[in-house]
Novice: 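Encoded as structure tokens, here's the structure I'll be asking about.
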Amino acid sequence: MTEGVIFDLDGVLIDSEPLWRIAEKKVFKTVDIELTDDMCRQTIGLDNNSTVQYWFNYKPWNSKPKEQVAGEIIKELLDLVDKHGKPNNGIIPLLNFFSGLGIPMAVASSSEMKIIETVLEKIKLKNKFAAVCSSESEAYGKPHPAVYLKAAEMLNADPVRCIAFEDSFYGAIAAKAARMKVVL
């Protein structure tokens with residue numbers, strides 16, 4: 001019996017990956033890194049700080065601190081979500097299905113909590129979830145299972161009896177490492 005359903009945010013609840021790419025390309029250009037769409041796809045599923053570190057390792061810069069770059073990406077993303085954010089096709093009927101079965105649901109995301117809250121508010125899904133978890137509150141981000149384990153704990157659910165909806169390689173690894181059934 002399923003005790004909980006846990007959804008990733010970016011790419012599952014909202015098609016924000018194109019918005020992330022726009023924000024990342026714009027901000028990384030300010031530190032002389034010209035990202036392509038394919039390059040951006042290499043970091044899908046990683047948290048923002050890990051993405052910044054990834055590209056810093058690729059081509060270090062001295063023009064501004066990594067924390068500033070990360071903050072600028074978030075600011076750009078939130079502006080884009082405000083202008084263009086909408087729920088993914090089919091997600092509302094899926095949430096209604098699980099809700100109708102009385103199965104509690106959670107969000108487990110690599111995004112920072114302020115992004116999660118902004119997105120859920122913008123796409124009007126905040127009231128659908130019994131728990132919302134960000135890997136920023138965990139020692140490790142995806143692909144580590146911590147954020148999924150925390151979400152299951154907050155739902156009082158055995159991770160083995162949870163279903164995780166993911167769209168990224170790193171996210172799927174995290175959910176499988178938490179011993180959940182994964183829909184990719």
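All values below come from the heavy atoms of this structure, side chains included, with hydrogens, waters and symmetry mates left out.
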Novice: Under the rule for side-chain contact (heavy atoms from CB on, under 4.5 Å), what residues qualify as partners of Asn96, not counting sequence neighbours?
Specialist: Ile92, Lys128
Novice: Please check this pair: side chain of Asp47 against backbone of Ser50, looking for a donor-acceptor N/O pair closer than 3.5 Å.
Specialist: yes
Novice: Could I get the full list of salt bridge (charged side-chain N to carboxylate O under 4.0 Å, His left out) partners for Lys25, not counting sequence neighbours?
Specialist: Asp37
Novice: Could you tell me whether Asn127 atom CG has more than 12 heavy atoms of other residues or ligands within 6.0 Å of it?
Specialist: yes
Novice: I need the minimum non-hydrogen distance between Met180 and Ala164, along with the two atoms involved.
Specialist: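 Reported closest heavy-atom pair: SD-CB, 4.1 Å.
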Novice: Count the heavy atoms of every other residue, nucleotide or ligand shown that sit under 6.0 Å from NZ of Lys181, and state whether that count exceeds 12.
Specialist: yes
Novice: Heavy atoms only: give me the nearest Ala130-Leu155 pair and the separation to one decimal.
Specialist: CB-CD2, 3.7 Å
Novice: In a check of side-chain contact (heavy atoms from CB on, under 4.5 Å) between Ile116 and each of Ser111, Cys133, Ser110, which one passes?
Specialist: Ser111
Novice: List in chain and number order the residues that pass ring-ring contact (aromatic ring centres under 6.0 Å, His included) with Tyr58, two or more places apart in sequence or in another chain; answer none if no residue qualifies.
Specialist: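 Here the qualifying residues are Trp55.
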Novice: With sequence neighbours excluded, give me every side-chain hydrogen bond (donor to acceptor under 3.5 Å, both in side chains) pair touching residues 129-151.
Specialist: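 Every side-chain hydrogen bond (donor to acceptor under 3.5 Å, both in side chains) pair that includes a residue of residues 129-151, provided the two are not neighbours, is Asp8-Lys142, Lys142-Glu166, Tyr148-Glu166.
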Novice: What are the two closest heavy atoms between Asn57 and Pro60, and how far apart are they?
Specialist: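 Nearest heavy atoms, Asn57 then Pro60: O-CD, 4.2 Å.
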Novice: Taking all heavy atoms of Ala108 and all of Ile6, pick out the closest pair and write down the distance.
Specialist: CB-CG2, 3.5 Å
Novice: Kindly work out whether a path of hydrophobic side-chain contacts (I/L/V/M/F/W/Y, heavy atoms less than 4.5 Å apart) joins Met154 to Leu95.
Specialist: no
Novice: Please name all residues satisfying side-chain contact (heavy atoms from CB on, under 4.5 Å) with Ile73, sequence neighbours left out, ordered by chain then number.
Specialist: Trp20, Ala23, Glu24, Val27, Phe28, Asn48, Val52, Val69
Novice: Can you name the ring-ring contact (aromatic ring centres under 6.0 Å, His included) partners of Phe169, sequence neighbours left out?
Specialist: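 Counting only residues at least two positions away or on another chain, Phe169 forms no ring-ring contact (aromatic ring centres under 6.0 Å, His included).
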Novice: Please give me the minimum heavy-atom distance between Lys59 and Ile33, naming the atom from each residue.
Specialist: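 In this case the closest contact between Lys59 and Ile33 is O-CD1, 3.6 Å.
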Novice: In the single-linkage hydrophobic clustering (I, L, V, M, F, W, Y; side-chain heavy atoms under 4.5 Å), do Phe7 and Met113 co-cluster?
Specialist: yes
Novice: Indicate whether the side chain of Gln42 and that of Asp38 have a donor and an acceptor atom separated by less than 3.5 Å.
Specialist: no
Novice: Hey, any chance Val147 and Ile173 share a hydrophobic cluster, counting ILVMFWY side chains that come within less than 4.5 Å of each other, even indirectly?
Specialist: no
